[in-house]
Amino acid sequence: MSHSPGPPVVTRFAPSPTGYLHIGGGRTALFNWLYARGRGGKFLLRIEDTDRERSTPEATAAILRGLTWLGLDWDGEVVSQFERRDRHAEVAHEMLARGTAYKCFSTAEEIAAYRAAKEAKGASYAVFVSPWRDADPATFPKAPYAIRMKAPRTGETVIEDEVQGRVVIQNATLDDMIVLRSDGTPVYMLAVVVDDHDMGVSHVIRGDDHLNNAARQQMVYDAMGWTVPVWAHIPLIHGPDGKKLSKRHGATGVEDYQAMGYPAAGMRNYLTRLGWAHGDAEIFTSAEAMQMFDLSGIGRAPARLDFKKLENTCGHHMAMAEDAALLHELEAYMIAVDRPALTEPQRGLMLAALPFLKKSAKTFPELLDKADFLLISRPVVPDEKAAQALDPVSRGILKSLTPQLQSANWTKEALEPILTEVAAANGIGFGKLAAPLRAAIAGKSVTPSVYDMMLVIGQDESIARLKDASS
RNA sequence: GGCCCGUUCGUCUAUCGGUUAGGACACCUGGUUUUCAACCAGGUAAGAGGGGUUCGACUCCCCUACGGGCUGCCA
(Lines give C-alpha, C1' and ligand atoms only; values in the text may rest on other atoms or scores of the structure.)
Protein backbone atom coordinates (compact mmCIF):
# COMPACT_ATOMS: atom_id res chain seq x y z
CA MET A 1 0.00 0.00 0.00
CA SER A 2 1.11 3.60 0.33
CA HIS A 3 4.00 4.61 2.55
CA SER A 4 2.12 7.43 4.21
CA PRO A 5 0.14 6.46 7.30
CA GLY A 6 -3.21 7.51 5.86
CA PRO A 7 -6.44 7.29 7.80
CA PRO A 8 -6.71 4.31 10.13
CA VAL A 9 -8.52 1.29 8.73
CA VAL A 10 -11.44 0.11 10.81
CA THR A 11 -13.61 -2.75 9.63
CA ARG A 12 -16.37 -4.64 11.37
CA PHE A 13 -18.48 -7.74 11.21
CA ALA A 14 -22.10 -7.14 12.19
CA PRO A 15 -24.21 -10.30 12.25
CA SER A 16 -27.77 -10.66 13.48
CA PRO A 17 -27.97 -13.16 16.33
CA THR A 18 -30.80 -15.19 14.87
CA GLY A 19 -28.95 -18.48 14.38
CA TYR A 20 -25.56 -20.07 13.94
CA LEU A 21 -22.71 -18.39 12.05
CA HIS A 22 -23.41 -18.99 8.38
CA ILE A 23 -20.46 -19.97 6.21
CA GLY A 24 -21.12 -16.89 4.09
CA GLY A 25 -21.03 -14.72 7.20
CA GLY A 26 -17.82 -16.41 8.21
CA ARG A 27 -16.26 -15.43 4.91
CA THR A 28 -17.52 -11.86 5.25
CA ALA A 29 -15.94 -11.70 8.69
CA LEU A 30 -12.74 -13.20 7.28
CA PHE A 31 -12.49 -10.56 4.55
CA ASN A 32 -12.97 -7.78 7.09
CA TRP A 33 -10.42 -9.35 9.41
CA LEU A 34 -7.86 -9.84 6.65
CA TYR A 35 -8.30 -6.30 5.39
CA ALA A 36 -7.89 -4.70 8.80
CA ARG A 37 -5.10 -6.97 10.05
CA GLY A 38 -3.12 -6.55 6.85
CA ARG A 39 -3.15 -2.79 7.30
CA GLY A 40 -2.54 -2.43 11.00
CA GLY A 41 -6.17 -1.50 11.45
CA LYS A 42 -8.93 -2.62 13.77
CA PHE A 43 -11.51 -5.33 13.27
CA LEU A 44 -14.63 -4.75 15.35
CA LEU A 45 -17.57 -6.98 16.17
CA ARG A 46 -21.11 -5.72 16.58
CA ILE A 47 -24.18 -7.82 17.21
CA GLU A 48 -27.22 -6.45 15.42
CA ASP A 49 -29.81 -7.44 17.94
CA THR A 50 -32.41 -4.74 17.49
CA ASP A 51 -34.98 -7.33 16.44
CA ARG A 52 -35.97 -8.49 19.90
CA GLU A 53 -38.28 -11.19 18.59
CA ARG A 54 -35.61 -13.11 16.74
CA SER A 55 -32.42 -12.29 18.61
CA THR A 56 -31.18 -14.76 21.18
CA PRO A 57 -28.14 -14.93 23.45
CA GLU A 58 -27.60 -18.51 22.30
CA ALA A 59 -27.19 -17.30 18.73
CA THR A 60 -24.70 -14.67 19.83
CA ALA A 61 -22.72 -17.33 21.66
CA ALA A 62 -22.78 -19.57 18.59
CA ILE A 63 -21.50 -16.75 16.39
CA LEU A 64 -18.64 -15.98 18.78
CA ARG A 65 -17.77 -19.67 18.91
CA GLY A 66 -17.71 -19.87 15.14
CA LEU A 67 -15.47 -16.83 14.78
CA THR A 68 -13.16 -18.10 17.48
CA TRP A 69 -12.83 -21.49 15.85
CA LEU A 70 -12.05 -19.81 12.53
CA GLY A 71 -9.32 -17.91 14.32
CA LEU A 72 -10.80 -14.48 13.70
CA ASP A 73 -10.06 -12.30 16.70
CA TRP A 74 -11.78 -8.97 17.10
CA ASP A 75 -10.65 -5.79 18.82
CA GLY A 76 -12.35 -4.42 21.89
CA GLU A 77 -15.66 -5.41 23.38
CA VAL A 78 -18.49 -6.92 21.40
CA VAL A 79 -20.96 -4.11 20.76
CA SER A 80 -24.67 -4.70 21.23
CA GLN A 81 -26.68 -2.62 18.85
CA PHE A 82 -29.76 -2.87 21.01
CA GLU A 83 -27.95 -1.29 23.95
CA ARG A 84 -27.22 1.73 21.82
CA ARG A 85 -30.88 2.43 21.05
CA ASP A 86 -30.93 5.70 22.97
CA ARG A 87 -28.10 7.02 20.86
CA HIS A 88 -29.94 5.97 17.70
CA ALA A 89 -33.08 7.77 18.85
CA GLU A 90 -30.97 10.81 19.63
CA VAL A 91 -29.71 10.91 16.06
CA ALA A 92 -33.23 10.47 14.71
CA HIS A 93 -34.30 13.52 16.69
CA GLU A 94 -31.29 15.43 15.54
CA MET A 95 -32.33 14.71 11.97
CA LEU A 96 -35.76 16.02 12.91
CA ALA A 97 -34.20 19.20 14.25
CA ARG A 98 -32.09 19.58 11.14
CA GLY A 99 -35.13 19.17 8.95
CA THR A 100 -33.73 16.07 7.26
CA ALA A 101 -36.44 13.94 8.83
CA TYR A 102 -40.08 14.44 9.74
CA LYS A 103 -42.85 13.04 11.89
CA CYS A 104 -45.17 10.67 10.03
CA PHE A 105 -48.56 9.87 11.51
CA SER A 106 -49.62 7.44 8.80
CA THR A 107 -50.75 4.08 10.13
CA ALA A 108 -49.80 0.72 8.71
CA GLU A 109 -53.31 0.37 7.31
CA GLU A 110 -53.12 3.71 5.53
CA ILE A 111 -49.80 2.80 3.98
CA ALA A 112 -51.09 -0.58 2.81
CA ALA A 113 -54.16 1.11 1.32
CA TYR A 114 -51.94 3.65 -0.46
CA ARG A 115 -49.88 0.91 -2.07
CA ALA A 116 -52.96 -1.11 -3.01
CA ALA A 117 -54.50 1.90 -4.71
CA LYS A 118 -51.31 2.62 -6.64
CA GLU A 119 -51.05 -0.95 -7.80
CA ALA A 120 -54.70 -0.99 -8.82
CA LYS A 121 -53.99 1.96 -11.06
CA GLY A 122 -51.28 -0.11 -12.70
CA ALA A 123 -48.26 1.71 -11.34
CA SER A 124 -45.13 -0.28 -11.95
CA TYR A 125 -43.95 0.32 -8.45
CA ALA A 126 -45.52 1.82 -5.38
CA VAL A 127 -43.22 4.13 -3.49
CA PHE A 128 -45.10 5.40 -0.47
CA VAL A 129 -44.96 9.17 -0.16
CA SER A 130 -46.17 10.23 3.24
CA PRO A 131 -48.77 13.04 3.34
CA TRP A 132 -46.91 14.34 6.41
CA ARG A 133 -43.70 15.01 4.56
CA ASP A 134 -44.35 18.73 4.25
CA ALA A 135 -47.28 19.05 6.63
CA ASP A 136 -47.75 22.04 8.90
CA PRO A 137 -46.94 21.09 12.52
CA ALA A 138 -50.17 22.83 13.48
CA THR A 139 -52.06 20.00 11.83
CA PHE A 140 -50.27 17.25 13.78
CA PRO A 141 -52.68 14.95 15.62
CA LYS A 142 -52.10 13.77 19.17
CA ALA A 143 -51.03 10.32 18.10
CA PRO A 144 -47.96 8.13 17.93
CA TYR A 145 -45.69 8.88 15.01
CA ALA A 146 -42.74 7.38 13.28
CA ILE A 147 -39.79 9.46 12.17
CA ARG A 148 -39.09 9.26 8.48
CA MET A 149 -36.03 10.48 6.66
CA LYS A 150 -36.79 13.31 4.29
CA ALA A 151 -35.05 11.81 1.32
CA PRO A 152 -34.48 13.64 -1.95
CA ARG A 153 -37.30 12.84 -4.39
CA THR A 154 -35.35 13.67 -7.51
CA GLY A 155 -31.86 13.12 -8.77
CA GLU A 156 -29.74 10.09 -8.06
CA THR A 157 -27.61 8.61 -5.34
CA VAL A 158 -24.27 7.21 -6.41
CA ILE A 159 -22.58 4.42 -4.53
CA GLU A 160 -18.88 4.20 -5.31
CA ASP A 161 -18.28 0.58 -4.48
CA GLU A 162 -14.83 -0.98 -4.38
CA VAL A 163 -16.21 -4.25 -5.68
CA GLN A 164 -19.30 -3.37 -7.68
CA GLY A 165 -17.99 -0.18 -9.19
CA ARG A 166 -20.16 2.89 -9.63
CA VAL A 167 -23.78 2.06 -8.85
CA VAL A 168 -26.42 4.67 -9.58
CA ILE A 169 -29.81 4.57 -7.87
CA GLN A 170 -32.63 6.91 -8.88
CA ASN A 171 -33.90 8.68 -5.78
CA ALA A 172 -37.47 8.48 -7.06
CA THR A 173 -37.38 4.69 -6.60
CA LEU A 174 -36.64 5.05 -2.88
CA ASP A 175 -39.24 5.95 -0.29
CA ASP A 176 -38.69 8.01 2.83
CA MET A 177 -37.53 5.23 5.07
CA ILE A 178 -38.52 5.12 8.68
CA VAL A 179 -35.59 5.72 11.01
CA LEU A 180 -37.45 5.59 14.33
CA ARG A 181 -40.52 3.43 14.83
CA SER A 182 -43.66 4.78 16.41
CA ASP A 183 -42.74 2.94 19.60
CA GLY A 184 -39.53 4.92 19.72
CA THR A 185 -37.21 2.08 18.74
CA PRO A 186 -34.66 2.60 15.98
CA VAL A 187 -34.72 0.73 12.75
CA TYR A 188 -31.74 -1.27 11.49
CA MET A 189 -31.02 1.12 8.61
CA LEU A 190 -30.48 3.98 11.02
CA ALA A 191 -28.69 1.91 13.64
CA VAL A 192 -26.02 0.59 11.26
CA VAL A 193 -25.14 4.05 10.07
CA VAL A 194 -24.99 5.56 13.54
CA ASP A 195 -22.98 2.66 14.91
CA ASP A 196 -20.57 2.51 11.99
CA HIS A 197 -20.01 6.25 12.30
CA ASP A 198 -19.60 6.22 16.07
CA MET A 199 -17.30 3.21 15.95
CA GLY A 200 -15.16 4.94 13.35
CA VAL A 201 -15.70 2.27 10.71
CA SER A 202 -13.77 3.29 7.61
CA HIS A 203 -14.56 0.34 5.34
CA VAL A 204 -17.91 -1.41 5.18
CA ILE A 205 -17.28 -4.85 3.69
CA ARG A 206 -20.49 -6.92 3.64
CA GLY A 207 -22.77 -9.08 1.52
CA ASP A 208 -24.13 -7.58 -1.68
CA ASP A 209 -27.67 -8.13 -0.44
CA HIS A 210 -27.04 -4.74 1.17
CA LEU A 211 -26.02 -2.99 -2.03
CA ASN A 212 -29.39 -1.34 -2.56
CA ASN A 213 -29.62 -0.49 1.12
CA ALA A 214 -26.35 1.36 0.87
CA ALA A 215 -28.09 4.12 -1.09
CA ARG A 216 -30.53 4.84 1.72
CA GLN A 217 -27.82 4.55 4.32
CA GLN A 218 -25.65 6.96 2.41
CA MET A 219 -28.53 9.42 2.59
CA VAL A 220 -28.36 9.24 6.38
CA TYR A 221 -24.63 9.94 6.31
CA ASP A 222 -25.34 12.92 4.10
CA ALA A 223 -28.21 14.11 6.29
CA MET A 224 -25.95 14.07 9.32
CA GLY A 225 -22.97 15.51 7.51
CA TRP A 226 -20.89 12.44 8.25
CA THR A 227 -18.13 10.97 6.10
CA VAL A 228 -19.37 8.08 4.01
CA PRO A 229 -17.24 4.94 4.52
CA VAL A 230 -15.62 3.01 1.71
CA TRP A 231 -18.21 0.53 0.44
CA ALA A 232 -17.34 -2.99 -0.63
CA HIS A 233 -20.30 -5.26 -1.32
CA ILE A 234 -19.19 -8.83 -1.84
CA PRO A 235 -21.21 -11.51 -3.64
CA LEU A 236 -22.90 -14.21 -1.61
CA ILE A 237 -21.76 -17.83 -1.60
CA HIS A 238 -23.86 -20.34 -3.51
CA GLY A 239 -24.30 -24.08 -3.19
CA PRO A 240 -22.78 -26.54 -5.69
CA ASP A 241 -25.94 -26.18 -7.82
CA GLY A 242 -25.52 -22.43 -8.15
CA LYS A 243 -28.50 -21.60 -5.96
CA LYS A 244 -28.21 -19.57 -2.82
CA LEU A 245 -26.61 -21.68 -0.13
CA SER A 246 -29.32 -23.04 2.12
CA LYS A 247 -29.88 -25.87 4.54
CA ARG A 248 -30.82 -28.31 1.82
CA HIS A 249 -27.24 -28.12 0.57
CA GLY A 250 -26.13 -29.63 3.83
CA ALA A 251 -23.51 -27.77 5.79
CA THR A 252 -24.19 -24.04 6.05
CA GLY A 253 -22.92 -23.31 9.53
CA VAL A 254 -19.27 -22.69 10.31
CA GLU A 255 -19.56 -25.13 13.17
CA ASP A 256 -20.67 -27.84 10.75
CA TYR A 257 -17.27 -27.56 9.13
CA GLN A 258 -15.54 -27.75 12.46
CA ALA A 259 -17.52 -30.92 13.18
CA MET A 260 -16.49 -32.39 9.83
CA GLY A 261 -12.92 -32.00 10.99
CA TYR A 262 -11.48 -29.43 8.64
CA PRO A 263 -8.48 -27.63 10.10
CA ALA A 264 -9.21 -23.94 10.67
CA ALA A 265 -6.16 -22.74 8.75
CA GLY A 266 -7.27 -24.68 5.68
CA MET A 267 -10.77 -23.37 6.08
CA ARG A 268 -9.49 -19.79 6.16
CA ASN A 269 -7.32 -20.37 3.10
CA TYR A 270 -10.18 -21.91 1.15
CA LEU A 271 -12.67 -19.23 2.15
CA THR A 272 -10.19 -16.50 1.26
CA ARG A 273 -9.82 -17.90 -2.24
CA LEU A 274 -13.57 -18.26 -2.65
CA GLY A 275 -14.43 -15.12 -4.54
CA TRP A 276 -11.03 -13.52 -4.23
CA ALA A 277 -7.80 -14.10 -6.10
CA HIS A 278 -4.30 -12.74 -6.22
CA GLY A 279 -2.69 -14.00 -9.41
CA ASP A 280 -1.95 -17.70 -9.10
CA ALA A 281 -1.67 -17.76 -5.31
CA GLU A 282 -3.51 -20.81 -4.00
CA ILE A 283 -1.98 -22.13 -0.80
CA PHE A 284 -0.94 -19.52 1.73
CA THR A 285 -0.86 -18.83 5.44
CA SER A 286 -3.06 -16.22 7.08
CA ALA A 287 -0.04 -13.97 7.51
CA GLU A 288 0.58 -14.16 3.78
CA ALA A 289 -3.11 -13.60 3.08
CA MET A 290 -3.05 -10.42 5.17
CA GLN A 291 -0.21 -9.12 3.02
CA MET A 292 -1.95 -9.95 -0.25
CA PHE A 293 -5.59 -9.29 0.51
CA ASP A 294 -7.16 -6.31 -1.20
CA LEU A 295 -10.62 -5.21 -2.23
CA SER A 296 -9.78 -5.10 -5.94
CA GLY A 297 -9.14 -8.83 -5.97
CA ILE A 298 -12.72 -9.63 -5.00
CA GLY A 299 -14.84 -11.00 -7.85
CA ARG A 300 -18.29 -9.74 -8.76
CA ALA A 301 -19.95 -13.09 -9.32
CA PRO A 302 -21.24 -15.38 -6.59
CA ALA A 303 -18.95 -18.34 -5.93
CA ARG A 304 -19.93 -21.95 -5.40
CA LEU A 305 -18.74 -24.11 -2.57
CA ASP A 306 -16.54 -27.00 -3.72
CA PHE A 307 -15.82 -29.58 -1.06
CA LYS A 308 -13.12 -31.32 -3.08
CA LYS A 309 -11.07 -28.17 -3.27
CA LEU A 310 -11.75 -27.43 0.39
CA GLU A 311 -10.38 -30.85 1.26
CA ASN A 312 -7.36 -30.42 -0.93
CA THR A 313 -6.59 -27.05 0.61
CA CYS A 314 -7.01 -28.49 4.08
CA GLY A 315 -4.66 -31.33 3.17
CA HIS A 316 -1.92 -28.83 2.40
CA HIS A 317 -2.44 -27.03 5.69
CA MET A 318 -2.52 -30.28 7.61
CA ALA A 319 0.88 -31.15 6.16
CA MET A 320 2.22 -27.64 6.80
CA ALA A 321 1.09 -27.56 10.40
CA GLU A 322 3.50 -27.68 13.29
CA ASP A 323 3.11 -30.97 15.21
CA ALA A 324 2.35 -29.58 18.65
CA ALA A 325 -0.20 -27.12 17.27
CA LEU A 326 -1.80 -29.81 15.17
CA LEU A 327 -2.10 -32.11 18.16
CA HIS A 328 -3.73 -29.29 20.07
CA GLU A 329 -6.24 -28.68 17.32
CA LEU A 330 -6.88 -32.39 16.96
CA GLU A 331 -7.73 -32.63 20.64
CA ALA A 332 -10.04 -29.63 20.36
CA TYR A 333 -11.76 -31.39 17.47
CA MET A 334 -12.17 -34.57 19.51
CA ILE A 335 -13.81 -32.63 22.31
CA ALA A 336 -16.09 -30.84 19.84
CA VAL A 337 -17.36 -34.11 18.42
CA ASP A 338 -17.54 -35.90 21.77
CA ARG A 339 -14.78 -38.40 21.19
CA PRO A 340 -12.96 -39.73 24.24
CA ALA A 341 -9.91 -37.66 25.03
CA LEU A 342 -6.41 -38.94 24.30
CA THR A 343 -4.68 -40.62 27.24
CA GLU A 344 -1.21 -39.38 28.13
CA PRO A 345 0.51 -42.36 26.45
CA GLN A 346 -1.66 -41.89 23.38
CA ARG A 347 -0.68 -38.24 23.18
CA GLY A 348 2.94 -39.24 23.13
CA LEU A 349 2.38 -41.81 20.40
CA MET A 350 0.29 -39.35 18.40
CA LEU A 351 3.00 -36.74 18.57
CA ALA A 352 5.50 -39.30 17.31
CA ALA A 353 3.18 -40.34 14.45
CA LEU A 354 2.08 -36.86 13.38
CA PRO A 355 5.12 -36.21 11.15
CA PHE A 356 3.97 -38.88 8.71
CA LEU A 357 0.24 -38.95 9.45
CA LYS A 358 -0.25 -35.28 8.65
CA LYS A 359 1.31 -35.63 5.23
CA SER A 360 -1.54 -37.63 3.81
CA ALA A 361 -4.59 -36.61 5.86
CA LYS A 362 -6.95 -33.85 4.80
CA THR A 363 -9.27 -33.81 7.78
CA PHE A 364 -9.13 -34.82 11.42
CA PRO A 365 -11.41 -37.85 10.98
CA GLU A 366 -9.03 -39.07 8.29
CA LEU A 367 -6.07 -38.41 10.55
CA LEU A 368 -7.70 -40.33 13.37
CA ASP A 369 -8.49 -43.21 11.05
CA LYS A 370 -4.86 -43.44 10.00
CA ALA A 371 -3.83 -43.19 13.65
CA ASP A 372 -6.07 -46.06 14.67
CA PHE A 373 -3.07 -48.39 15.14
CA LEU A 374 -1.78 -46.29 18.02
CA LEU A 375 -5.16 -45.82 19.63
CA ILE A 376 -6.05 -49.49 19.94
CA SER A 377 -4.70 -51.89 22.53
CA ARG A 378 -4.00 -55.61 22.53
CA PRO A 379 -5.34 -57.94 21.60
CA VAL A 380 -5.76 -56.41 18.16
CA VAL A 381 -8.95 -57.66 16.55
CA PRO A 382 -8.48 -57.89 12.78
CA ASP A 383 -11.28 -56.82 10.50
CA GLU A 384 -12.47 -59.15 7.73
CA LYS A 385 -9.84 -58.19 5.17
CA ALA A 386 -7.06 -58.20 7.70
CA ALA A 387 -8.11 -61.64 8.88
CA GLN A 388 -7.76 -62.92 5.33
CA ALA A 389 -4.18 -61.72 5.24
CA LEU A 390 -3.45 -63.75 8.37
CA ASP A 391 -3.67 -67.12 6.69
CA PRO A 392 -1.70 -70.09 8.20
CA VAL A 393 1.26 -69.59 5.92
CA SER A 394 1.54 -65.91 6.71
CA ARG A 395 1.18 -66.55 10.43
CA GLY A 396 4.07 -69.02 10.16
CA ILE A 397 6.20 -66.35 8.54
CA LEU A 398 5.33 -63.84 11.26
CA LYS A 399 6.25 -66.41 13.88
CA SER A 400 9.63 -66.97 12.32
CA LEU A 401 10.16 -63.23 12.19
CA THR A 402 9.74 -62.44 15.86
CA PRO A 403 13.09 -63.77 17.15
CA GLN A 404 14.92 -61.63 14.64
CA LEU A 405 12.94 -58.57 15.64
CA GLN A 406 13.65 -59.21 19.26
CA SER A 407 17.38 -58.77 18.72
CA ALA A 408 17.11 -55.92 16.23
CA ASN A 409 17.89 -52.28 16.68
CA TRP A 410 14.55 -50.48 16.50
CA THR A 411 15.28 -48.18 13.58
CA LYS A 412 14.07 -48.22 10.05
CA GLU A 413 17.61 -48.80 8.80
CA ALA A 414 17.93 -51.95 10.91
CA LEU A 415 14.42 -53.22 10.27
CA GLU A 416 14.43 -52.85 6.52
CA PRO A 417 17.05 -55.50 5.70
CA ILE A 418 15.50 -57.94 8.14
CA LEU A 419 12.06 -57.73 6.58
CA THR A 420 13.26 -57.83 2.99
CA GLU A 421 15.41 -60.86 3.75
CA VAL A 422 12.53 -62.69 5.40
CA ALA A 423 10.36 -61.96 2.40
CA ALA A 424 13.04 -63.22 0.03
CA ALA A 425 13.69 -66.32 2.13
CA ASN A 426 10.02 -67.20 1.84
CA GLY A 427 9.96 -66.54 -1.87
CA ILE A 428 7.50 -63.66 -1.67
CA GLY A 429 7.63 -59.97 -2.47
CA PHE A 430 7.69 -57.44 0.31
CA GLY A 431 4.06 -56.63 -0.42
CA LYS A 432 3.05 -60.16 0.54
CA LEU A 433 4.82 -59.76 3.86
CA ALA A 434 3.51 -56.28 4.56
CA ALA A 435 -0.12 -57.37 4.40
CA PRO A 436 -0.01 -59.80 7.37
CA LEU A 437 2.26 -57.41 9.27
CA ARG A 438 -0.32 -54.66 8.79
CA ALA A 439 -3.06 -57.00 9.90
CA ALA A 440 -1.18 -58.03 13.01
CA ILE A 441 -0.17 -54.53 14.03
CA ALA A 442 -3.26 -52.52 13.08
CA GLY A 443 -5.94 -55.12 12.44
CA LYS A 444 -6.65 -53.46 9.12
CA SER A 445 -5.65 -53.81 5.49
CA VAL A 446 -5.20 -50.09 4.91
CA THR A 447 -2.76 -48.35 7.24
CA PRO A 448 0.31 -46.14 7.24
CA SER A 449 3.65 -47.73 6.40
CA VAL A 450 4.43 -50.81 8.50
CA TYR A 451 7.82 -49.35 9.39
CA ASP A 452 6.29 -46.10 10.59
CA MET A 453 3.78 -47.97 12.73
CA MET A 454 6.30 -50.30 14.29
CA LEU A 455 8.63 -47.44 15.09
CA VAL A 456 5.85 -45.49 16.78
CA ILE A 457 4.42 -48.24 18.96
CA GLY A 458 7.86 -49.55 19.76
CA GLN A 459 9.67 -52.86 19.82
CA ASP A 460 7.90 -54.60 22.69
CA GLU A 461 4.41 -53.67 21.59
CA SER A 462 5.17 -54.59 17.97
CA ILE A 463 6.50 -58.01 18.86
CA ALA A 464 3.63 -58.64 21.24
CA ARG A 465 1.12 -57.88 18.52
CA LEU A 466 2.93 -60.17 16.09
CA LYS A 467 2.90 -62.95 18.64
CA ASP A 468 -0.79 -62.42 19.29
CA ALA A 469 -1.52 -62.74 15.59
CA SER A 470 0.72 -65.71 14.91
CA SER A 471 -0.12 -67.89 17.84
C1' G B 1 -44.06 -5.94 -11.81
C1' G B 2 -40.00 -2.05 -10.82
C1' C B 3 -34.93 -1.13 -9.59
C1' C B 4 -29.88 -3.00 -8.80
C1' C B 5 -25.90 -6.71 -9.47
C1' G B 6 -23.80 -10.73 -12.01
C1' U B 7 -22.36 -14.57 -16.43
C1' U B 8 -14.14 -17.27 -18.74
C1' C B 9 -12.73 -25.01 -18.46
C1' G B 10 -17.45 -29.31 -14.23
C1' U B 11 -15.68 -25.85 -9.85
C1' C B 12 -12.46 -21.51 -7.80
C1' U B 13 -10.14 -18.08 -10.82
C1' A B 14 -5.91 -15.05 -14.03
C1' U B 15 -6.52 -11.75 -18.09
C1' C B 16 -7.58 -5.28 -17.21
C1' G B 17 -8.05 -4.24 -26.71
C1' G B 18 -3.38 -7.82 -29.70
C1' U B 19 -1.85 -14.40 -25.23
C1' U B 20 -1.15 -21.23 -28.49
C1' A B 21 -6.84 -17.66 -23.03
C1' G B 22 -2.65 -19.11 -17.71
C1' G B 23 -2.96 -21.49 -12.67
C1' A B 24 -5.55 -24.53 -8.89
C1' C B 25 -9.30 -28.40 -7.58
C1' A B 26 -11.79 -32.41 -9.84
C1' C B 27 -11.35 -36.01 -13.77
C1' C B 28 -8.35 -39.32 -17.20
C1' U B 29 -3.40 -41.63 -18.37
C1' G B 30 1.41 -42.98 -16.88
C1' G B 31 5.32 -43.16 -12.98
C1' U B 32 6.83 -44.16 -7.87
C1' U B 33 5.16 -47.71 -4.28
C1' U B 34 4.29 -52.59 1.29
C1' U B 35 -1.99 -51.22 1.22
C1' C B 36 -4.94 -46.41 1.08
C1' A B 37 -3.23 -41.99 0.50
C1' A B 38 0.55 -38.66 -0.54
C1' C B 39 3.99 -37.50 -4.33
C1' C B 40 5.91 -36.82 -9.69
C1' A B 41 4.87 -36.37 -15.12
C1' G B 42 1.34 -35.73 -18.94
C1' G B 43 -3.69 -35.06 -20.85
C1' U B 44 -9.16 -33.68 -21.64
C1' A B 45 -11.72 -29.08 -20.70
C1' A B 46 -13.85 -22.29 -21.04
C1' G B 47 -15.20 -16.51 -22.83
C1' A B 48 -24.21 -17.62 -22.16
C1' G B 49 -26.55 -16.00 -27.16
C1' G B 50 -27.08 -11.95 -30.66
C1' G B 51 -25.84 -7.22 -32.42
C1' G B 52 -22.49 -3.17 -32.57
C1' U B 53 -17.53 0.05 -31.74
C1' U B 54 -12.48 -1.07 -33.49
C1' C B 55 -7.25 -2.64 -37.93
C1' G B 56 -8.20 -6.04 -33.80
C1' A B 57 -12.50 -7.92 -28.80
C1' C B 58 -13.14 -12.48 -23.17
C1' U B 59 -11.96 -7.37 -22.34
C1' C B 60 -15.87 -1.31 -24.38
C1' C B 61 -21.49 -0.35 -25.70
C1' C B 62 -26.64 -2.27 -26.58
C1' C B 63 -30.32 -6.23 -26.60
C1' U B 64 -31.85 -11.14 -25.12
C1' A B 65 -31.50 -15.38 -21.95
C1' C B 66 -30.31 -17.23 -17.35
C1' G B 67 -28.93 -16.53 -12.06
C1' G B 68 -28.99 -13.47 -7.66
C1' G B 69 -30.47 -9.28 -4.60
C1' C B 70 -33.62 -5.22 -3.02
C1' U B 71 -38.50 -3.42 -3.17
C1' G B 72 -41.12 -3.75 5.51
C1' C B 73 -42.57 0.61 11.52
C1' C B 74 -37.02 -7.46 9.49
C1' A B 75 -31.98 -7.44 9.73
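Residue numbering restarts at 1 for every chain, and letters A, B, ... go by the order of the sequence lines.
- Each of A/H278 and A/Q164 lies near RNA chain B, and the nucleotide nearest A/Q164 is the one positioned closer to the 5' end.
- Taking the side chain of A/H238 as heavy atoms from C-beta on, and the options B/rC4, B/rG68, B/rG6, the nearest nucleotide is B/rG68.
- Annotation: of the two residues near RNA chain B, A/T107 and A/K412, the 5′-most nearest-nucleotide partner is A/K412.
- Within 3.5 Å, a donor on the side chain of A/S449 pairs with an acceptor on the base of B/rU34, or the reverse.
- Taking only side-chain atoms of A/R148, from C-beta outward, the nucleotide of B/rC70, B/rC73, B/rU13 with the closest atom is B/rC73.
- Side-chain nitrogen and oxygen atoms of A/R273 include none within less than 4.0 Å of the OP1 or OP2 phosphate oxygen of B/rC25.
- In terms of phosphate contacts, A/K362 brings a side-chain nitrogen or oxygen within less than 4.0 Å of OP1 or OP2 of B/rA38.
- Among the protein residues, A/V450 comes within range of the nucleic acid bases, having at least one heavy atom under 4.0 Å from a base atom.
- Both tests pass for A/R27 against the ring of A/F31: distance under 6.0 Å to the centre and angle within 45° of the axis.
- With distances taken from any side-chain atom of A/K308 to the nucleotides B/rU34, B/rG23, B/rA26, the minimum falls on B/rA26.
- A distance of 6.0 Å or more separates the ring centres of A/Y221 and A/H197.
- Listed nucleotides B/rC73, B/rG6, B/rA38 differ in distance to A/I111; the shortest reach to its side chain belongs to B/rC73.
- A/R438 places its CZ atom 12 Å from the C1' atom of B/rA37, with the value rounded to the nearest Å.
- Closest to the A/N212 side chain, of the nucleotides B/rG69, B/rC5, B/rG23, is B/rG69.
- Nucleotide B/rC55 forms a pair with B/rG18, judged by Watson-Crick or G-U wobble geometry with both contacts under 3.5 Å.
- When each of B/rC25, B/rG72, B/rC12 is scored by its nearest atom to the side-chain atoms of A/R115, the top-ranked nucleotide is B/rG72.
- Pair assignment for B/rC66 gives B/rG6, based on Watson-Crick or G-U wobble hydrogen-bonding distances that are each under 3.5 Å.
- Comparing B/rC25, B/rC73, B/rC36 against the side chain of A/V446 picks out B/rC36 as the nearest.
- Ring centers of A/F293 and A/W276: under 6.0 Å apart, within the cut-off.
- The A/L211 side chain lies nearest to B/rC4 when the options are B/rG69, B/rC4, B/rU34.
- When heavy atoms are screened at a 4.0 angstrom cut-off, A/N213 is found touching base atoms of the nucleic acid.
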